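The structure under discussion appears below in the form of structure tokens.
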2 protein chains.
Amino acid sequence: MATQSVHADIAPLAQVLKALGEPNRLRIVNLLMEGVQCNCELGSALDMAPNLISHHLRVLREIGLVQVERDALDARWLYYSLNVEMLTQLSETFGHFFDASRIRERLPACGPQATHLPRAELVVGAT
Amino acid sequence: MATQSVHADIAPLAQVLKALGEPNRLRIVNLLMEGVQCNCELGSALDMAPNLISHHLRVLREIGLVQVERDALDARWLYYSLNVEMLTQLSETFGHFFDASRIRERLPACGPQATHLPRAELVVGAT
DNA sequence: AAACTAATTCGATGGTTGTTGAAGCATAGC
DNA sequence: GCTATGCTTCAACAACCATCGAATTAGTTT
């Protein structure tokens, strides 16, 4: 496996952050931290219509954070839960991307103070 | 001080996630990890118009993640950088909220086998 | 004074999206 | 067969938001 870089691609990370950046969805994730729950439970806990719960669960499922299982005795019931591996990987990605120790000291390449300062070391990669 | 709970309020957390859940904003944050930069630098790096850069920087500034400073010699230049304390606190909040060890084992309170059967016999696979 | 520069703010637009109500689907029980 | 249940999907609407162009502010230079 390649060394994990922060620069990987930030588009999928942005997609996950966007999905989580919705209050009701974040509440759903928080509730799923308590364990498996069905649609009706989430709906009553959040005072939301089941179709709306279903909509948000769909978004969370599309980013792989939520998984669903069907009851063995009564297949009408769907049980939603968090994908542990996905959550672990997500937490790790966040920890790396938003690590404050990543911040480097750097003077702006533009502006009046940039002219008389050496910044050859700032040049990265291609031209 | 109060014991830091995850339940604190998820509305502000959702706001931060929403602000970061935009690809261009996330790119700006990633660039600011390299150090102080001005509007024009970010704009040329991301190939975006200065007014658009200004818009996204404004959003990042409203959540406290980005701070701005004015050049001492030429006050026309604004230098943007990341708020280290805010980023540290943010990373910590993420680490707590999305900690996979928070997930608890719990049987659904609804359904035909609400509190009866052990979880192993509970479910079958589903998409 | 005017002209130039860096950046912001304004106005308008097109696309996205959360929310709502009704309909549809699949399963279970009669 | 029929009805009830749990959940999803559809259609429509309203609000939000990223993007663009033009105008504006603030500061510097000539």
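Here the structure is a predicted model, which is why all the values come from computation and not from measurement. All heavy atoms count here, side chains included; hydrogens, waters and symmetry mates do not. Below, read A as the first sequence line, B as the second, and so on, with proteins coming before strands; counting in each chain starts at 1.
Taking atom CZ of residue Arg25(A) and atom C1' of nucleotide dG18(C), one finds them 8 Å apart after rounding to whole Å. The CG atom of Asn39(A) sits 19 Å away from the P atom of dC25(C) (whole-angstrom rounding). Atom pair Ile53(A):CD1 and dT19(C):C1' shows a separation of 12 Å (rounding to whole Å applied). Separating the CG atom of Leu52(B) from the P atom of dA12(C) is a distance of 19 Å, rounded to the nearest angstrom. Look at CG on Leu26(A): it is 15 Å from C1' on dG18(C), rounded to the nearest Å. Here the C1' atom of nucleotide dT16(C) and the CD atom of Gln15(A) are 14 Å apart, to the nearest Å. The interatomic distance linking Trp77(A) (CH2) with dA4(D) (P) rounds to 17 Å, in whole Å. The distance from atom CD of Glu62(A) to atom C1' of dT16(C) is 14 Å, rounded to the nearest whole Å.
Considering only side-chain atoms of Asn51(A), the nucleotide from dA28(C), dG21(D), dT9(D) that sits closest is dT9(D). The nucleotide whose nearest atom lies closest to any side-chain atom of Ser54(B) is, among dT9(C), dT27(C), dG18(C), dT9(C). Taking every side-chain heavy atom of Cys40(B) into account, dA7(C) is the closest of dA7(C), dT27(C), dA18(D). When the nucleotides dT9(D), dG21(D), dG18(C) are ranked by their closest atom to the side chain of Arg58(A), dT9(D) comes out on top. With dG27(D), dT9(C), dT19(C) as the choices, the nucleotide that has an atom nearest any side-chain atom of Arg70(B) turns out to be dG27(D). Comparing dT5(C), dC20(D), dA7(C) against the side chain of Arg76(B) picks out dT5(C) as the nearest. Checked against dA7(C), dT9(C), dT20(C), the side chain of Leu78(B) finds its nearest nucleotide in dA7(C).
Among all heavy-atom pairs drawn from Val59(A) and Ala19(A), the shortest one is CG1-CB, 4.0 Å.
Between the side chain of Asn24(A) and the base of dG18(C), no donor-acceptor pair under 3.5 Å is found.
In this structure, Lys18(B) reaches the dC17(D) phosphate: one of its side-chain N or O atoms is under 4.0 Å from OP1 or OP2. Between dT17(C) and His56(A), no contact under 4.0 Å exists linking OP1 or OP2 to a side-chain N or O.
With 3.5 Å as the limit, one finds a donor-acceptor pair spanning the side chains of Asn30(A) and Arg102(B).
The number of heavy atoms from other shown groups lying within 6.0 Å of CD (Glu62(A)) is above 12.
Counting heavy atoms from C-beta on, the side chains of Asn39(B) and Leu78(B) never come closer than 4.5 Å.
Taking the nucleotide of DNA chain C with the nearest heavy atom to each of Asp74(A) and His55(A), the more 5' of the two is matched to His55(A).
Below 30°, between 30° and 60°, or above 60°: for Phe94(A) and Phe98(B) the angle between ring planes is above 60°, a perpendicular geometry.
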